[in-house]
Participant: 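The structure's right below; bear with me while I get my questions together.
By convention in this document, chain letters (A, B, ...) are assigned in the order of the sequence lines, proteins followed by strands, and residues within each chain are numbered from 1. These values consider heavy atoms only, across backbone and side chains, with no hydrogens, waters or symmetry-generated copies. Being a predicted model, the structure only gives us computed values, none of them experimental.
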Amino acid sequence: MNHKQIEKKWQNKWLKLKNDKFDKKNLSQKYYVLEMFSYPSGANLHIGHTYNFAPSDTFARHKKMQGYNVFQPMGFDSFGLPAENYAIKTGIHPKDSINSNITKMQEQLKALGCMYDWDYEIVTSDPSYYKFTQEIFLHFYKKGLVYQKDAPVNFCTSCNTAIANEQVKDGACERCDSVVIKKNMRQWFFKITDYAEELLSGLDTIDWPEKTKAMQRNWIGKSIGCEIGFNIDIKSNKDQTIKIFTTRADTLFGVSYIVLAPEHPLVDIITTQDKIKQVKEYKGSTAKLSDIERQENKGDKTGVFVGSYCIHPFTNEKIPIYIADYCLYSYGTGAVMGVPAHDKRDYDFAKKYDLNIKKVIEGGELPFVDDGILINSNEFDGLGSDAARTKIAELLKKDGFGGQKINYRLRDWSISRQRYWGCPIPIVHCDKCGAVPLKNKDLPVELPYDVDLKQRANSPLSYHNNFINIECPKCGGAAKRDADTLDTFVCSSWYFLRYPDVNNKKKAFNSELINQMLPVDKYIGGAEHACMHLLYARFFTKAMRDIGLINFNEPFKSLVHQGLILGPDGEKMSKSKGNIVNPDKYIDEYGADVLRMYLCFAFSYIEGGPWNDEGIKSIAKFLDRVERLVDMVISASPSGDTLSSELEYTLNYTIKNANKDIENFSFNTAIARIMELVNAMYKFNDKLDTLRDTTFNLVKLLAPFAPHFCEELWKRLGHKTSIFNEKYPVCDESKLVLAQVEIAVQVNSKIISKIMIGTDWDNTKIEEAAKLDEKVTALLVGKQIKKVIVVKDRLINLIIG
RNA sequence: GCGGACGUGGCGGAAUGGCAGACGCGCCAGACUUAGAAUCUGGUAUCUUCCGAUGUGCUGGUUCAAGUCCAGUCGUCCGCACCA
C-alpha cells in the first residue's frame, strides 16, 4: 500500500465527510477527550509530541467507534518566554515566529491523522482568546481573589522576571535553569490559598494517578498545629506579641529561645540599640543569598540575638529572641519557638550559640524528635504527646495565648511577569485612585506590536508610551497601565472551558453549554504539570464556580499521564544534547499509521522510555501481513464452510481484550491481541472464504491504531462509508464458553502434568481424571490425599502425605 | 529527611494470588528461490548426567499456591525539602 497516497487521500476525505466534527446537537453522548495543548516552539514536533498526540487519538477514535460523540479539540499555548527570548536573539517578532510555528505544527498534526475538530482551535496569544483571560481576571478581582502586594518574590536573573513558587525547581528557574533570587517587588497575586482545603479534599473525588494526587497533597502541605503568642518583655513595647506556629505544642515547656525570620516586620521594632548593627548586617547578608546558597548552608545554622526577650505563656520565664534564616518568613507566622531537645535544627542552633537544652519528652537520645511522654512540663507531666498537644492548645486558647491552627505550605500564586509576550493585565494605576480595574467594554487590552524588547531594566511595555499612558477610568486624570503581563499559566488555566464555545464573541463561554460539556472526561498530558497547570486549573474551576460561571467542582474527571520518550541515549531529549528525534522521517519512510502504531506498541504508554526504532519495521511488516490476508480473503471463492469455533473464540477473546486494553491506555497489549488474531487467521488460509466476517472485525479492531490503512482496506472490502461510522466490535461472551479446557495438575503445589477436562465437570470428576494421569498415579502410590484444591478452568492441586 | 514509583530473558515489554516470560525485536533452523530480498513454517530463560533441577534485585514471612500480599534490605528514578 502506498501510504503517502492513501494518507493524504483519507485526510482530505475525512475533511469532506466532516468525520472529525463534533456534533453539537447530541450532548447526551458527548465524550470530551483532551490532550494538553502545547507550546508552539521553534523546533519541529519531536517524537515525544507524537507520542503524546497519536496514542491519545487512538483512544479518542476508539471512543468514537463505541458510539460516543467525541469532542477532541487542539490548540496552542502560544504566549511565553521562549518566543520573546528568540525575538531578542533574532529580531523576529514573537507574533510572527509563533504564527509560522503554529502553521508548521498544524501540518505535522494533520499528517499524523489525528481526529481534531479544528473548528474549535485556541491560540492563547490571540486577542479573541486573551480578551476573556482578562475578563476572568476582572471577575477574580471583583470576587477579591486578586491582590497586589510588595513581597519578596522569586526572580529569575536570566529571564529577567518574577516567577511563581511552582516554577522554581531546585532553587533554579524551571524554564532556563538560571539562579533564582529573592527580590522585593510589587506583584499581583491570585489567592489560591483561599482554596487550599478544597484543593486538598477534592483530590479524593477524582480519578487521577495516585502519584499526582500525592504530589498535590504534598505541595498544599496541610499541617495541623498550634499558634502561640509570646509577649515581649521590654518596657517600651509591652503590648507586642510574637506569634509562632508549631506542630509540637507538647514541647512548649522546652522552649529556650524564639526565632524570627530576618524579614519579619517585628525585627526592627524589638531590636535593642546595642544590637542594631549586628542585626542589620545579618539581614543584609541573608537577603543576598539565593535559594541555592541557602540550601547549601542548611547544615550550618546562623543567627543573631536581637537583644530583647519574651515571656513564656505558662512559666513566665524570660526567653531570648533571635533572628535566623532557617526560619522562613513565608511559612506559618514567620516565627518559631526553639526547642533544642526535640528538634534537630533547634538542637544544632542551640549547640552553636550555647543555648539552654531542656528535655521535656521522655524517649531516646537528644535531639529526640518523636512523640513520647511529657516530663518537666508541670501539670502536663505524664501525658502522651498527642493528648498533651490537645490539652495545651485548649489552655492556650482559654488564656488568650492562641490555640489550634491549621497551616498550609501552599502560597498565593504570583502572576505578574516583567515581560512582553504575555496577556496584558487589565488594570490602570492612577496616582489619585490607586489600582483601577478596566471595564469589560474596554477589553481586550491589546498587546502593542512595536515594542523594544531589548529594554530590560523594567517591563518592556513600560517603555511604550502609547500603550502605557491612559486616562484613569475613574477620575479621568493621567494614569498608567500595568506594564507587566500575566504568567502564561493563567492563560492555560481555563482553555479547556473555552474550547466547546470557542467562537463566542460576547462571553468567555455560554455557562449552560459548558456545564454540559465539562468536566473533561479524559485528560492526557505530562506528569511535570502536577503542581503547576493541574493545580492552577483546579483553582480556576473552583473560583469560577463560586463566581457563578460554572456549576462543577473539578475540571478533569479522569487524568492519564503518558510516559516520557527519552533520546536513544536514554537522556531527556534536548537541543543541547543533540538527541532529538524527528518523527517526519519515519512518517516519510513508513507512514503515519506505522509510526502511530509503533508508538502504541513499543512502550508501556504510561512508562515511556528511550526511543529505539529497531522495531518499527515489524509494524510495517505486520500491516503488510494484514493487507495480504485481506486481499486473499477478498479474492477467495466461496465453499460454503463455516468459521471454526476455535477462531470464533480467538476473535471474541481479541475483541474483549482490545476494548478493555484501549480503555486502560494499555495499547501495547491490545495490539498484541490483534496480532494473535492475525496469526490465528493465517492458520486457516486454506479456508479463506470462511474468514470474511472475521476480516471485517479485524479491520475495525485495528482502525483506531492505523486509521488511514484501515479506511483503505474497508473500502477494498466493498464498503462505501467511513469505517469510523462503524461500531467497534463487541465481544459475544457465549463464544468464549469452551466445552473443554486444559488444566494443570499439581501434586503438593508442583506442576506434574496437564489434562483436558470438560468445563462442566464437577470437582470429583476432575480429581478422578487427574488421578488417572500416569505421572500423578506414580506419585500417589502409598500416599493419602489430604486435600484437593480446584481452581476453575486453571488447575487442580492434590495435597498428599 | 518526607512523599511516590520501579527492579522479570540478549532487547522492548506481558501476566484479576493459580501453568512466569503473552506479543514483538533479535537470533537459529526449515520451506520457497540459481542466489539473495521478501514471504511462509518451526524453535529460542538458565543449568542438565535429558530423569529432572533452578529461575521475576536480595533476606525472611503469610498461603495448598507469591513476580503479585506483608516485613526488612539493596539499587534506580521522580517530586518536595531548614515547612517548625
Participant: Please classify the nucleic acid contact of A:Asn407 as base, sugar-phosphate, or nothing, using heavy-atom distances under 4.0 Å.
Facilitator: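 It contacts nothing in the nucleic acid.
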Participant: Nearest whole Å is fine: how far is B:U39 P from A:Asp624 CG?
Facilitator: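 To the nearest whole Å, that distance equals 7 Å.
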Participant: Regarding A:Ser223, tell me which of base, sugar-phosphate or nothing describes its non-hydrogen contacts under 4.0 Å with the strands shown.
Facilitator: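 Result for A:Ser223 = sugar-phosphate.
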Participant: With both distances kept under 3.5 Å, what pairs with B:A37, Watson-Crick or G-U wobble?
Facilitator: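 Here B:A37 is not engaged in any pair, so there is no nucleotide opposite it.
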Participant: In whole angstrom, give me the gap between the P atoms of B:G3 and B:A71.
Facilitator: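 Straight-line distance between the two P atoms is 13 Å.
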Participant: Which whole-number value in Å describes the distance from A:Gln404 CD to B:A84 P?
Facilitator: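 Interatomic distance, CD of A:Gln404 to P of B:A84: 14 Å.
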Participant: Base, sugar-phosphate, or nothing: which does A:Phe601 touch, judged by heavy atoms less than 4.0 Å apart?
Facilitator: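 Base: the residue A:Phe601, judged by heavy atoms under 4.0 Å, touches a nucleobase.
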Participant: Distance only, no hydrogens: is a donor on one side chain within 3.5 Å (strictly under) of an acceptor on the other, for A:Thr193 and A:Arg411?
Facilitator: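 No pair is found: no donor N or O on one side chain lies under 3.5 Å from an acceptor on the other.
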Participant: Watson-Crick or G-U wobble partner for B:A14, using a 3.5 Å limit on both distances?
Facilitator: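 WC or wobble partner does not exist here.
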Participant: Between atom CE in A:Met675 and atom C1' in B:G12, what is the gap in whole Å?
Facilitator: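 Rounded to the whole Å, the gap is 12 Å.
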Participant: May I ask you to verify if any side-chain N or O of A:Asn668 is less than 4.0 angstrom from the OP1 or OP2 atom of B:A14?
Facilitator: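 It does, given that an N or O in the side chain of A:Asn668 lies less than 4.0 Å from OP1 or OP2 of B:A14.
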Participant: Got a second to check how far A:Leu677's CG is from A:Asn697's CG, nearest 0.5 Å?
Facilitator: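 Atom-to-atom, A:Leu677:CG and A:Asn697:CG are 8.5 Å apart.
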Participant: Please give the nucleotide sitting opposite B:C50 as a Watson-Crick or G-U wobble pair, both distances under 3.5 Å, or none.
Facilitator: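 Looking at the geometry, B:C50 pairs with no nucleotide.
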Participant: Look up atom CD1 in A:Ile662 and atom SG in A:Cys600, then write down how far apart they are to the nearest 0.5 Å.
Facilitator: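 If I round to the nearest 0.5 Å, the distance is 8.5 Å.
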Participant: Return the value, rounded to whole Å, for the distance between atom OH of A:Tyr408 and atom P of B:C80.
Facilitator: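 Computing the A:Tyr408:OH to B:C80:P distance gives 22 Å.
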Participant: Supply the atom-to-atom distance A:Tyr590 OH to A:Tyr598 OH, rounded to the nearest 0.5 angstrom.
Facilitator: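 Between atom OH of A:Tyr590 and atom OH of A:Tyr598 there are 10.0 Å.
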Participant: With heavy atoms under 4.0 Å as the rule, sort A:Ile799 into base, sugar-phosphate or nothing.
Facilitator: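 Sugar-phosphate: the residue A:Ile799, judged by heavy atoms under 4.0 Å, touches backbone atoms but no base.
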Participant: Take A:Tyr682 and A:Ser604, find for each the nucleotide of RNA chain B with the closest heavy atom, and name the residue whose nucleotide sits nearer the 5' end.
Facilitator: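 Looking at the nearest nucleotide for each, A:Ser604 comes out on the 5' side.
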Participant: With a 4.0 Å limit, can you tell me whether A:Asn657 has a side-chain N or O closer than that to the phosphate oxygens OP1/OP2 of B:A22?
Facilitator: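 No, no such contact exists.
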Participant: Check the phosphate of B:A84 against A:Arg409, side-chain N and O only, distance under 4.0 Å to OP1 or OP2. Yes or no?
Facilitator: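 For B:A84, OP1/OP2 do not have a side-chain N/O of A:Arg409 under 4.0 Å.
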Participant: Under the side-chain hydrogen bond (donor to acceptor under 3.5 Å, both in side chains) criterion, do A:Thr58 and A:Tyr605 qualify, and how do the steps go?
Facilitator: CA-CA 12 Å; A:Thr58 292; A:Tyr605 190 59; over 6 Å; no
Participant: Tell me whether B:G9 sits syn or anti, counting syn as a glycosidic angle within 90° of 0.
Facilitator: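 It is syn.
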Participant: Under the criterion side-chain hydrogen bond (donor to acceptor under 3.5 Å, both in side chains), I'd like the reasoning laid out for A:Asn52 against A:Gln562: C-alpha separation, chi angles, the key distance, then a yes or no.
Facilitator: CA-CA 7 Å; A:Asn52 298 347; A:Gln562 71 281 93; 3.3 Å; yes
Participant: Indicate, yes or no, whether a donor-acceptor pair under 3.5 Å links the base of B:C82 to the side chain of A:Lys301.
Facilitator: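 Answer yes: a donor N or O sits under 3.5 Å from an acceptor.
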Participant: Using both distances under 3.5 Å as the test, list the Watson-Crick or G-U wobble partner of B:A20, or none.
Facilitator: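 Pairing partner: none.
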Participant: Decide yes or no, distance alone: a donor-acceptor N/O pair under 3.5 angstrom between the base of B:C64 and the side-chain of A:Lys787.
Facilitator: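 Answer is no: no donor-acceptor pair is held.
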Participant: Let's see if you get this right: which residues in residues 605-620 of chain A place a heavy atom under 4.0 Å from RNA chain B?
Facilitator: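 The stretch gives A:Gly608, A:Ser618 as the residues lying under 4.0 Å from the strand, ordered by number.
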Participant: Is there a side-chain polar atom (N or O) of A:Lys169 under 4.0 Å from OP1 or OP2 of B:C80?
Facilitator: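 Yes.
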Participant: Is the closest side-chain donor-acceptor distance between A:Tyr536 and A:Glu166 under 3.5 Å?
Facilitator: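 Indeed, the side chains of A:Tyr536 and A:Glu166 share at least one donor-acceptor pair under 3.5 Å.
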Participant: What's the CG-C1' distance between A:Leu559 and B:G4, to the nearest Å?
Facilitator: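 Result: 15 Å.
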Participant: Just checking, is any N or O donor in the side chain of A:Tyr331 or A:Ser223 under 3.5 Å from an acceptor N or O on the other one?
Facilitator: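 Per modelled atom types, A:Tyr331 and A:Ser223 side chains form a pair under 3.5 Å.
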Participant: Looking at every strand, decide which applies to A:Lys683 at a 4.0 Å heavy-atom threshold: base, sugar-phosphate, or nothing.
Facilitator: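 Answer is sugar-phosphate: A:Lys683 comes under 4.0 Å of backbone atoms only.
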Participant: Would you mind classifying the nucleic acid contact of A:Cys327 as base, sugar-phosphate or nothing, using non-hydrogen atoms under 4.0 angstrom?
Facilitator: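 Touches a base.
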Participant: What is the base-pairing partner of B:G72, counting Watson-Crick and G-U wobble geometry with both distances under 3.5 Å?
Facilitator: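 Pairing partner, where one exists within any strand: B:C58.
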Participant: How far, in whole Å, is B:C28 from B:G36 if one measures between their P atoms?
Facilitator: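 The answer is 14 Å between these two P atoms.
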Participant: Determine, for A:Glu733 against A:Lys656, whether the closest basic-nitrogen to carboxylate-oxygen distance falls under 4.0 angstrom.
Facilitator: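 Salt bridge present between A:Glu733 and A:Lys656.
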Participant: Does a nitrogen or oxygen in the side chain of A:Thr669 sit under 4.0 Å from OP1 or OP2 of B:G13?
Facilitator: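 For A:Thr669, the contact criterion (side-chain N or O under 4.0 Å from OP1 or OP2 of B:G13) is not met.
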Participant: Describe the nucleic acid contact of A:Gln746 in one word from base, sugar-phosphate, nothing, applying a heavy-atom distance below 4.0 Å.
Facilitator: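 Base, at least one base atom sits under 4.0 Å.
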Participant: What's the separation between atom CG in A:Leu599 and atom CD1 in A:Ile619, rounded to the nearest 0.5 Å?
Facilitator: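 Reported value, rounded in 0.5 Å steps: 9.5 Å.
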Participant: Does B:U63 have a Watson-Crick or wobble mate here (both distances under 3.5 Å), and if so which one?
Facilitator: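 No nucleotide pairs with B:U63.
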Participant: Looking at every strand, decide which applies to A:Arg625 at a 4.0 Å heavy-atom threshold: base, sugar-phosphate, or nothing.
Facilitator: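 Sugar-phosphate, backbone atoms only, no base.
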Participant: What's the NZ-P distance between A:Lys754 and B:G18, to the nearest Å?
Facilitator: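 Interatomic distance, NZ of A:Lys754 to P of B:G18: 16 Å.
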Participant: Write down the distance between NE2 (A:His561) and C1' (B:C77), rounded to a whole number of angstrom.
Facilitator: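 About 16 Å, once rounded to whole Å.
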Participant: Quantified in whole Å, what is the C1' atom distance between nucleotide B:G24 and nucleotide B:C19?
Facilitator: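 Taking atom C1' in both B:G24 and B:C19, they lie 22 Å apart.
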Participant: For B:G13 versus B:G30, give the span between their C1' atoms, rounded off to a whole number of Å.
Facilitator: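 One C1' to the other, the span is 29 Å.
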Participant: Given that A:Ile789 and A:Asn165 both sit by RNA chain B, which one's nearest nucleotide is further toward the 5' end?
Facilitator: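 Residue closer to the 5' terminus by nearest nucleotide: A:Ile789.
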Participant: Any side-chain N or O of A:Lys344 less than 4.0 Å from the OP1 or OP2 oxygen of B:A84?
Facilitator: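 A:Lys344 to B:A84 OP1/OP2: no side-chain N or O under 4.0 Å.
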Participant: Regarding A:Arg625 and the six-membered ring of A:Tyr682, is the cationic atom NZ or CZ under 6.0 Å from the ring centre and inside 45° of its axis?
Facilitator: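 Yes; both conditions hold, so A:Arg625 lies above the ring face of A:Tyr682.
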Participant: Considering only atom C1', compute the distance from B:C80 to B:C11 and round it to an integer number of Å.
Facilitator: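 Each nucleotide's C1' atom is 35 Å from the other's.
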Participant: If you only use heavy atoms from C-beta on, which nucleotide in B:G12, B:C64, B:C25 is closest to the side chain of A:Asn797?
Facilitator: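 It is B:C64.
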Participant: Could you tell me how far apart A:Ile671 (CD1) and B:A14 (P) are, to the nearest whole angstrom?
Facilitator: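 Nearest whole value for this atom pair: 12 Å.
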Participant: Could you let me know what B:C2 is paired to, Watson-Crick or G-U wobble, both distances under 3.5 Å, or none if it's on its own?
Facilitator: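 Pairing partner, where one exists within any strand: B:G79.
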Participant: Tell me which nucleotide, if any, is Watson-Crick or G-U wobble paired with B:G26 when both distances must be under 3.5 Å.
Facilitator: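 Per the H-bond distance test, B:U44.
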Participant: Check this one for me: any side-chain N or O of A:Arg794 less than 4.0 Å away from OP1 or OP2 of B:U16?
Facilitator: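 For B:U16, OP1/OP2 do not have a side-chain N/O of A:Arg794 under 4.0 Å.
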Participant: Please state whether the phosphate of B:A84, meaning OP1 or OP2, lies under 4.0 angstrom from any side-chain nitrogen or oxygen of A:Tyr326.
Facilitator: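 No, A:Tyr326 has no side-chain N/O under 4.0 Å of OP1/OP2 on B:A84.
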Participant: Please classify the nucleic acid contact of A:Glu210 as base, sugar-phosphate, or nothing, using heavy-atom distances under 4.0 Å.
Facilitator: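 A:Glu210: no heavy atom of the nucleic acid under 4.0 Å.
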